[in-house]
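Here the structure comes first, spelled out in structure tokens, and everything after it is commentary.
Please read all numbers here as calculations on a predicted model, not as lab measurements.
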Amino acid sequence: MSKQILVVDDEPDLVDLVCFNLSEAGYRSESAFSGREAVEKLARSRPDLLILDLMLPDVGGTEICRKVRADPKLRTLPVLMLTARSEEVDRVVGFEVGADDYLTKPFSPRELVLRVRALLRRAAGDVDAGSQILEQGPLHLDLERHRCRVAGEEVELTAKEFQLLETLMRAPGRVQTRERLLDTVWGTEVTVTSRTIDTHLKRLREKLGVAGELIETVRGIGYRFVERRS
């Protein structure tokens, strides 16, 4: 069965354009023209992907994204932000609340479809949240035994380095902002700066050697674990 995509935007012409191109690419789509309508439809049934406008007349896209990430049934739902706001701060906010990708208007319908396809492919290969073994390329992370190997060789990691690597590997392809990494690894009650993340990631990459290239810097935002394609 083809994938179901919910398109949320208050511009009917744009929604028609997006839905038409998704249909041409073999996807089924449903539309919502307000934040409240989107929330209601998400509560009724879970789509395979959400295309979400940042600026809506009632409930904003960032608030909807927060609700999605807080809902156990929706938290792994891929979210593509589609918006006219292209400033870096807007992208940071989008990623901070849990968006997986960000596309600014005007956009190429072909690029939209390619990004949708990539997000769906990534979602299909997401790491099981309960898995105790994380692997990618030469990198092997054993969570139960707290051991890391690269190309079969043991790599000694500190507790924080291990936690950072686990956090990144559990969300392959998704941008993790510095703030989110700080909250996840250090907790909200510990006062540390974003520079702490950069320092730890630099050391972690060095220790991982050839596998260090799997951790990609997203300039001005944070980091992303890159899936190595065979």
Side-chain angles (χ1 to χ4, degrees), residues 3 5 42 46-52 61-62 64-81 91-103 114-144 146 148 150 155 157 159-188 194 196-198 200-202 204-205 207-208 211-230:
K3 299 294 185 180
I5 299 171
L42 286 168
R46 184 190 189 279
D48 295 294
L49 184 139
L50 174 63
I51 296 178
L52 181 62
T62 53
I64 293 173
C65 201
R66 286 192 185 96
K67 290 178 181 292
V68 166
R69 293 298 175 237
D71 188 332
K73 297 179 180 178
L74 299 172
R75 65 177 49 161
T76 60
L77 176 67
V79 178
L80 171 61
M81 285 285 193
R91 294 196 301 275
V92 170
V93 170
F95 286 126
E96 178 62 28
V97 296
D100 295 287
D101 203 354
Y102 199 105
L103 189 59
L114 289 174
R115 292 195 185 212
V116 165
R117 188 171 295 147
L119 285 174
L120 289 171
R121 184 174 60 242
R122 185 187 307 159
D126 269 355
V127 177
D128 181 353
S131 174
Q132 294 300 302
I133 301 293
L134 305 180
E135 292 185 279
Q136 183 60 232
L139 183 57
H140 177 102
L141 201 65
D142 187 330
L143 305 181
E144 188 174 5
H146 207 271
C148 175
V150 175
V155 176
L157 300 179
K160 295 302 183 188
E161 289 167 349
F162 195 94
Q163 285 179 273
L164 280 170
L165 183 56
E166 177 188 350
T167 300
L168 290 166
M169 290 186 74
R170 281 199 180 279
R174 294 181 182 173
V175 176
Q176 301 289 319
T177 65
R178 289 176 174 83
E179 290 76 14
R180 186 184 300 172
L181 289 171
L182 283 170
D183 287 346
T184 301
V185 178
W186 276 266
T188 56
S194 59
T196 302
I197 291 290
D198 297 332
H200 277 74
L201 263 297
K202 181 176 183 294
L204 176 59
R205 279 169 166 157
K207 288 184 177 183
L208 294 179
E213 65 185 28
L214 294 172
I215 301 174
E216 178 184 62
T217 300
V218 182
R219 188 174 180 181
I221 299 175
Y223 296 88
R224 171 169 49 207
F225 189 83
V226 182
E227 296 174 282
R228 175 172 288 178
R229 300 298 178 185
S230 57

Open item on the list: For a quick test of reading the model, state the closest non-hydrogen atom pair linking A70 to R75 and the distance between them.
Closed with: O-NH2, 4.1 Å
Task: Main-chain N/O of I5 paired with D48 side-chain donor or acceptor, under 3.5 Å - done: no
Open item on the list: Looking at R224 and R174, would you say the former's side chain and the latter's main chain have a donor-acceptor pair under 3.5 Å?
Closed with: no
Open item on the list: Taking the side chain as everything from C-beta on, heavy atoms only, tell me whether L139 gets closer than 4.5 Å to M169.
Closed with: yes
- [ ] Check whether any side-chain heavy atom of C148 sits under 4.5 Å from a side-chain heavy atom of K207, and report yes or no.
- [x] no
Open item on the list: Nearest 0.5 angstrom please: T196 OG1 to L201 CG, how far?
Closed with: 11.0 Å
Task: Any F162 side-chain heavy atom under 4.5 Å of V155 side chain - done: no
- [ ] Taking atom NZ of K160 as the centre, report whether more than 12 heavy atoms of other residues, nucleotides or ligands fall under 6.0 Å from it.
- [x] yes
Task: Nearest-0.5 Å distance, CZ of residue R115 to CG of residue L103 - done: 5.0 Å
Task: Closest non-hydrogen atom pair between A99 and C65, with its separation - done: N-SG, 3.7 Å
- [ ] For residues L49 and K3, determine if any side-chain heavy atom of one lies less than 4.5 Å from a side-chain heavy atom of the other.
- [x] no
Task: Stepwise salt bridge (charged side-chain N to carboxylate O under 4.0 Å, His left out) test for R69 and D100 - done: CA-CA 11 Å; R69 293 298 175 237; D100 295 287; 2.8 Å; yes
Open item on the list: Within this structure, what is the CZ-CZ distance for the pair R180 and R178, rounded to the nearest 0.5 Å?
Closed with: 13.5 Å
Open item on the list: Would you say that F225 contacts I215 through its side chain, given a criterion of any heavy-atom pair below 4.5 Å between the two side chains?
Closed with: yes
Open item on the list: Can you tell me how far apart CG (L143) and CD (E166) are? Round to the nearest 0.5 Å.
Closed with: 4.5 Å
Open item on the list: Measuring only between side-chain heavy atoms, which start at C-beta, is L164 closer than 4.5 Å to I197?
Closed with: yes
- [ ] Can you measure from CG (L80) to CD1 (I51) and round to the nearest 0.5 angstrom?
- [x] 5.5 Å
Task: R205 side chain reached by L208 side chain, heavy atoms, under 4.5 Å - done: no
Task: Check: L42 and I64 side chains under 4.5 Å, non-hydrogen atoms - done: yes
TODO: Look only at the side chain of R170 and the backbone of L165, and say whether a donor-acceptor pair between them is shorter than 3.5 Å.
DONE: no
TODO: Look up atom CG in D198 and atom OG1 in T217, then write down how far apart they are to the nearest 0.5 Å.
DONE: 7.5 Å
